A.B. asks: 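Could you have a look at this structure, given as structure tokens, before my questions?
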Amino acid sequence: MLHICTTHPSGDCRHPVAEAALNESRRVAALQSDNFLAWWCRGIAAAVASIELDWRRWVWSGSPGAARDLASEARSSLQAALRLQPASSSTHALLATLFLAWPPTDYVRVDHHAARALALDPGSELALLVMAERTAEAMPVVNSCAGRCRSAVGWGWPVHGSTSDHHLLAEHRSKLEVQAAGFLRSAMAATPGRAEVRAALAMQLRSSPREAVELLKSAVAMAPNSRPLTDIAVRALRGLQHEKEADEILSSAVEVGLWRVNHQHPMTAFWQRLPIAPFPELPQLLTLSAMIERSWAEVRAEAGSMFGGKLVFYNGFAPCSPRSVCKEENVGLLPPRKVYAGRWEEAHVYLSEDGVGGRWQRSRCDSQAAPRTCAVLGTAAASSGLQVLRASVSRVYGPRTRIPWHGSATQGRLRLHCPLFLAPGAVSLLHLGDNSSRLHDAEGRCWWFDESVEHELVYSGPETSPPRVLLMIDVVHPGIATAGVPELALTPFAGAPYWASEFMFAEVQMTGMCSVNKSW
């Protein structure tokens with residue numbers, strides 16, 4: 001389905017096959033209102049055509065959207081088809097998917113249509129996977145802390161600590177994991193060849209690590225060219241203390257050209273021609289960082305007033321107390337799991353529209369909280385010619401914080417670190433996966449690194465001292481201008497693009513079901 005546009009023509013960048021099928025099915029449905037196949041085809045064609053195909057939205061925002069008008073047409077068309085054939089299990093399953101992954105979400109209808117689909121056909125793979133994803137989304141985020149946990153709010157979902165006060169929450173998650181695993185086993189029995197189902201099942205088996213390891217290895221063997229599955233398997237195997245198997249999988253992926261180096265393995269977007277430099281020093285980058293350095297004292301002075309409450313800091317990354325070591329179990333069928341120490345938080349100063357980048361947008365900068373910082377950022381962006389994705393202020397607390405190994409899911413995002421406050425005696429060190437490292441050694445001394453290269457941050461400092469404070473700026477790698485369109489991949493179960501690609505697009509192309517060549 002990955003027919004990618006290199007521009008963004010006001011939402012007109014759609015898949016031509018889906019557009020053609022949609023137009024034809026609209027015509028037939030208008031002439032034959034009792035034609036089940038016409039309404040059914042119109043529904044899935046509208047769903048596929050709704051997917052945004054501008055590659056920049058896939059890369060920078062991380063969530064390519066779906067046009068709401070076409071999503072609504074898809075739902076209403078499939079509901080019309082269902083009125084003509086109420087016992088159609090596939091139509092119920094498709095509607096459940098649309099209410100789950102296309103905007104706006106309606107969990108009541110998801111549950112209704114998935115249940116009806118499974119009542120009509122207990123082996124419906126799509127309905128089973130929808131129920132598995134629905135169950136996984138209902139799981140609470142659980143943090144097991146060696147220390148004091150507390151409740152916090154992260155990216156819009158509740159974050160709870162599973163201390164003795166929250167043991168019922170952890171038990172509830174375990175029950176949901178069992179339910180999700182049941183749906184996934186049934187789906188795997190229906191379609192044994194879908195590798196992502198094996199990986200998802202492995203992620204639900206915390207009590208059966210041996211089976212989880214074998215499932216992860218078999219998922220990679222079944223889909224050796226899948227960047228998302230390979231990356232997910234490597235990180236999961238490392239979390240299960242199977243470092244050797246993870247390294248072997250990663251090395252094999254590099255050998256076959258999935259990536260170029262072991263320490264950079266983005267999941268969703270990858271440019272084969274984009275230079276790899278963990279600490280890049282391109283002219284445009286140096287122009288921007290030099291301008292920030294010249295004005296850092298002004299930014300630092302303004303940052304002091306930011307702490308008075310004008311900026312909204314979120315600590316969903318680390319809801320445990322500064323002295324805690326925490327293990328986080330997140331949401332989803334392929335949940336990220338991480339072990340971290342201490343506490344850090346962040347506040348956005350600038351966020352480009354939908355995270356797409358482009359020219360500097362003054363209205364997107366929080367000039368009420370940081371007027372001088374916004375002015376400096378706007379001037380620096382204009383002078384360097386770089387596309388700024390976001391700017392934020394980061395705070396890290398003592399006595400010890402460790403932000404675990406991670407990397408951007410997409411290649412091509414570079415990050416500037418510019419220290420504003422460093423406590424005397426504190427040490428802030430960024431490690432990169434190529435065994436290089438860089439100290440935050442002086443206030444106002446800024447440097448760049450490639451956010452898609454695996455990295456971790458280790459900080460130590462007096463607990464009674466103020467936190468370490470950074471200004472962070474993310475930009476689009478300037479080399480992308482000549483690197484062409486990236487190789488894109490869909491993260492399994494992650495939103496409308498995955499479900500459209502895996503379960504609907506083939507139907508749009510299928511002769512005899514939803515083909516523009518069919519004689520209605």
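Keep in mind that what you see is a predicted model, and the values were worked out from it rather than measured. For reference, positions follow the sequence shown, starting with 1.
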A.B. asks: So, for His455 and His406, is the gap between ring centers shorter than 6.0 Å?
C.D. replies: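 Yes, ring centres under 6.0 Å apart.
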
A.B. asks: Is the Lys NZ or Arg CZ of Arg402 less than 6.0 Å from the centre of Tyr340's six-membered ring, within 45° of the axis?
C.D. replies: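 No, Arg402 does not sit over the ring of Tyr340.
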
A.B. asks: Can you tell which of Gln411, His263, Gln264 makes a side chain to side chain donor-acceptor pair (under 3.5 Å) with Ser452?
C.D. replies: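 Only one of Gln411, His263, Gln264 forms a side chain to side chain donor-acceptor pair (under 3.5 Å) with Ser452, namely Gln264.
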
A.B. asks: One thing to verify: whether Arg134 and Glu137 come together as a salt bridge, which I'm taking to mean a side-chain N less than 4.0 angstrom from a carboxylate O.
C.D. replies: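 The answer is no: the pair does not qualify as a salt bridge.
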
A.B. asks: So that I can tick it off, tell me whether Asp231 and Arg227 are bridged by a salt bridge, with the cut-off set at under 4.0 angstrom between side-chain N and carboxylate O.
C.D. replies: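 Looking at Asp231 together with Arg227, the answer is no, because their closest N to O distance does not fall below 4.0 Å.
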
A.B. asks: Begin with the C-alpha distance, continue with both residues' side-chain angles, and end with the deciding distance and a verdict on side chain to side chain contact (heavy atoms under 4.5 Å, CB included) for Arg260 and His265.
C.D. replies: CA-CA 8 Å; Arg260 282 180 286 165; His265 39 100; over 6 Å; no

A.B. asks: Salt bridge or not for Arg390 and Glu346, using N-O below 4.0 Å?
C.D. replies: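 Salt bridge: yes.
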
A.B. asks: Under the 3.5 angstrom rule, does the side chain of Ser174 hit a backbone N or O of Ala170 as a donor-acceptor pair?
C.D. replies: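 Yes; judged by distance alone, with no hydrogens or angles, the pair exists.
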
A.B. asks: Looking only at atom types and distance, does a side-chain atom of Ser88 sit under 3.5 Å from a main-chain N or O of Thr91, one as donor and one as acceptor?
C.D. replies: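 Pair found, side chain donor or acceptor close to backbone of Thr91.
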
A.B. asks: Backbone N or O of Asp247 within a donor-acceptor pair of the Ser251 side chain at under 3.5 Å?
C.D. replies: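 Yes; judged by distance alone, with no hydrogens or angles, the pair exists.
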
A.B. asks: Tell me which pairs pass salt bridge (charged side-chain N to carboxylate O under 4.0 Å, His left out) where either residue lies in residues 91-109, with sequence neighbours left out.
C.D. replies: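 Qualifying pairs, neighbours excluded: Asp106-Arg109.
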
A.B. asks: Which residue in the set Arg343, Arg395, Glu345 passes side chain to side chain contact (heavy atoms under 4.5 Å, CB included) when paired with Pro467?
C.D. replies: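 Testing Pro467 for a side chain to side chain contact (heavy atoms under 4.5 Å, CB included) against Arg343, Arg395, Glu345 leaves exactly one candidate, Arg395.
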
A.B. asks: I want to check a possible cation-pi pair here: Arg438 against Phe279, using under 6.0 Å from ring centre and within 45° of the ring axis as the test.
C.D. replies: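 Here Arg438 passes the 6.0 Å and 45° test against Phe279.
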
A.B. asks: For His431 and Trp405, take the angle between the two ring planes, folded into 0 to 90°, and tell me which bin it lands in: parallel under 30, tilted 30 to 60, perpendicular over 60.
C.D. replies: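 Tilted, since the angle between the ring planes falls between 30° and 60°.
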
A.B. asks: Rounded to the nearest 0.5 Å, what's the gap from OG on Ser392 to OH on Tyr350? Could you check?
C.D. replies: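 Nearest 0.5 Å value for the OG-OH distance: 13.0 Å.
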
A.B. asks: Taking side chain to side chain contact (heavy atoms under 4.5 Å, CB included) as the criterion, tell me which of Thr191, Val197, Thr97 meets it with Leu129.
C.D. replies: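 Among Thr191, Val197, Thr97, the one that satisfies the side chain to side chain contact (heavy atoms under 4.5 Å, CB included) with Leu129 is Val197.
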
A.B. asks: Does the ring centre of Trp447 sit less than 6.0 Å away from the ring centre of His440?
C.D. replies: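 Under 6.0 Å, so yes.
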
A.B. asks: Tell me, do Leu184 and Gln204 make a side-chain contact under 4.5 Å, heavy atoms counted?
C.D. replies: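 Side-chain contact under 4.5 Å: yes.
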
A.B. asks: Taking NZ, NE, NH1 and NH2 as the nitrogens, is one of them in Glu177 or Arg173 under 4.0 Å from a carboxylate oxygen of the other?
C.D. replies: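 Salt bridge: yes.
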
A.B. asks: Taking Glu502 first and then Arg194, would you say they form a salt bridge - that is, a charged N and a carboxylate O separated by under 4.0 Å?
C.D. replies: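 A salt bridge is present here (some side-chain N lies under 4.0 Å from a carboxylate O).
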
A.B. asks: Would the distance check show the side chain of Ser50 and the main-chain N or O of Ala47 forming a donor-acceptor pair, the cut-off being under 3.5 Å?
C.D. replies: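 Checked: pair present.
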
A.B. asks: What orientation do His417 and Phe449 show, parallel under 30°, tilted 30 to 60°, or perpendicular over 60°?
C.D. replies: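 If you compare the ring of His417 with that of Phe449, the planes turn out perpendicular.
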
A.B. asks: Judged by atom type as modelled, is there a donor-acceptor pair below 3.5 Å linking the side chain of Ser501 to the main-chain atoms of Pro497?
C.D. replies: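 Checking the backbone N and O of Pro497 against the side chain of Ser501, no donor-acceptor pair under 3.5 Å is found.
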
A.B. asks: Can Glu245 and Arg238 be counted as an ion pair, charged N to O under 4.0 angstrom?
C.D. replies: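 So Glu245 does not pair with Arg238 through a salt bridge.
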
